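Report on the structure given below.
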Amino acid sequence: MKVPFFNYSGAFKLLEQEFSEIFSDVINRGAFIQQKDLVEFENNLANYLDVKHVFGVGNATDGLTMIWKAIGLSPGDEVIFPSHTMVASAASVVHAGGTPVAVDCGDDHLISTKSIEAAITERTRGVMPVQLNGRTADMDSIQSICDKYNLVLVEDAAQALGSKFKKKNAGTFGIAAAFSFYPAKLLGCLGDGGAVVTNDDEVARKIEMLRDHGRSPITGQVETWGYNSRLDNLQAAFLDAQLCGYDTYVRRRRQVAQRYIDGLEKVSQVYLPPSPSLVSDHFDVFQNFEIEVENRDCLQEHLARAEIGTIRQWGGFAVHQFPALKVRGDCPRTNLLFERCLMLPMNTVITDEEVNFVIQKIVHFYNT
Ligand SMILES: *Cc1c(COP(=O)(O)O)cnc(C)c1O
């Protein structure tokens, strides 16, 4: 048995016929840029998330950059973000003219509320929690810090479509948020794609212009220096086709997570994420199944020999650990995490037998 970390060729296999029909339909209509399929997807996603505005954009990195541009950062303005994230989160702040300040994570691998407060300075403008691995941070305490210090709250929700905190969707807490539709993300398209969501009319007006060369959709006048970062109409059509059945995918991910937890909870060298069956404020959608383990490198080799694919998130480095980027941050918990973290295969095409096989190999490794 071979268990790839992510099965790129198998991921969309079941949808091949449906996608072929969409492809022909879009070709025949010549509907490529900002056409009705995009508008329909944006409306359906807005309904799904219960948010006022959704704009399809080129990818989540551009989405976050355009959000910070819309908010307006001055040189020296600081934005606090968790170092355990994709470099893209911090890059968005830099591209918009600000300074990203890295903070530590907590035991659930998400931004630590305590370290946010400790990192606030005169120059702090915003906080960007990352709703990592399909889990939403404790947004009550983050919101109250933002209120107390008058900071802008933006969510990096690239990994969190459908994830909730106290029944409220990731991406709908702050002034705006970005989602990613990279193929391996929860809702993936056949290439790059993303969305910006917001309840703020002024941010919405700016994002709509920024993604399309700064042009006003009403007058056609160029009102600002913009980007070319639109979600392709064809990709929007592929995404819309999957959005209807999206909750089924989420259910499957939660089942896979539960199976891993049931199979591994007795292994004392393995630290697991919270179980989806635990009654709590969090509804986790398991973009990833990230564990901490002892003797990580040997375990990873052991699994590789059994042809089980695992990954160290972000190639094994938190953002403050890239010397070239010179990102400020004191993150002891994150440093420890990156000595021990590993992501097990987690997707919607993995079978129960494959999950059992992974469990069996991990149990075997620590028993011998
Ligand atoms: C994937 C990801 C991004 C970037 O998304 P793209 O659509 O590839 O630009 C940003 N932040 C996090 C946390 C991600 O996982």
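Ligands are counted one by one from 1 in listed order, and the atoms in each one are counted from 1 as well. Small disclaimer: the values here were computed from a predicted structure and weren't measured.
- Among protein heavy atoms, the minimum distance from atom 8 (O) of ligand 1 is reached at S180 OG, 3.9 Å.
- Taking the ring centroids of F165 and H282, they lie under the 6.0 Å cut-off.
- The protein heavy-atom contact nearest to atom 3 (C) of ligand 1 is M86 SD, 3.5 Å.
- Here's the thing with Y182: none of its N/O atoms is less than 3.5 angstrom from an N/O atom of ligand 1.
- Heavy atoms from both the backbone and the side chain of N59 come within less than 4.0 Å of ligand 1.
- Residue contacts with ligand 1: W314 is placed with no nitrogen or oxygen under 3.5 Å of a nitrogen or oxygen of the ligand (distance criterion only).
- There is no path of hydrophobic side-chain contacts, each under 4.5 Å, that joins M209 to Y227.
- Here is the list of ligand 1 atoms found below 4.0 Å of a heavy atom in T85: 13 (C).
- Heavy atoms of G193 come nearer than 4.0 angstrom to ligand 1 in at least one pair.
- For the side-chain hydrogen bond (donor to acceptor under 3.5 Å, both in side chains) test, residues two or more places apart in sequence or in another chain that qualify with T85 are S89.
- The distance from ligand 1 to the heavy atoms of Q159 drops below 4.0 Å at these ligand atoms: 15 (O).
- With side-chain heavy atoms closer than 4.5 Å counting as contact, directly or through intermediates, the hydrophobic cluster containing I311 also holds F5, F6, Y8, Y182, M343.
- Close approach to V130 involves these atoms of ligand 1, each under 4.0 Å from a residue heavy atom: 13 (C).
- Classification of the H109-H84 ring pair by plane angle, with boundaries at 30° and 60°, yields tilted.
- Contact check for D104 versus D330: no side-chain heavy atoms found under the 4.5 Å cut-off.
- A side-chain donor from one of D262 and Q258 sits under 3.5 Å from a side-chain acceptor of the other.
- Looking at A60 next to ligand 1, an N or O pair under 3.5 Å apart turns up.
- If you check which protein heavy atom lies closest to atom 11 (N) of ligand 1, you get D156 OD2, 2.7 Å.
- The side-chain tip of R211 does not point at the ring of F55 from less than 6.0 angstrom away and within 45° of straight on.
- Residue N228 places its CG atom among more than 12 non-hydrogen atoms of other residues, nucleotides or ligands, all under 6.0 Å distant.
- Residue T61 places at least one N or O, backbone or side chain, under 3.5 Å from an N or O of ligand 1.
- Within the 4.0 Å heavy-atom shell around ligand 1 one finds K185.
- Of all atoms in ligand 1, listed by their number and element, those nearer than 4.0 Å to a heavy atom of A158 are 2 (C), 3 (C), 10 (C), 11 (N), 12 (C), 14 (C).
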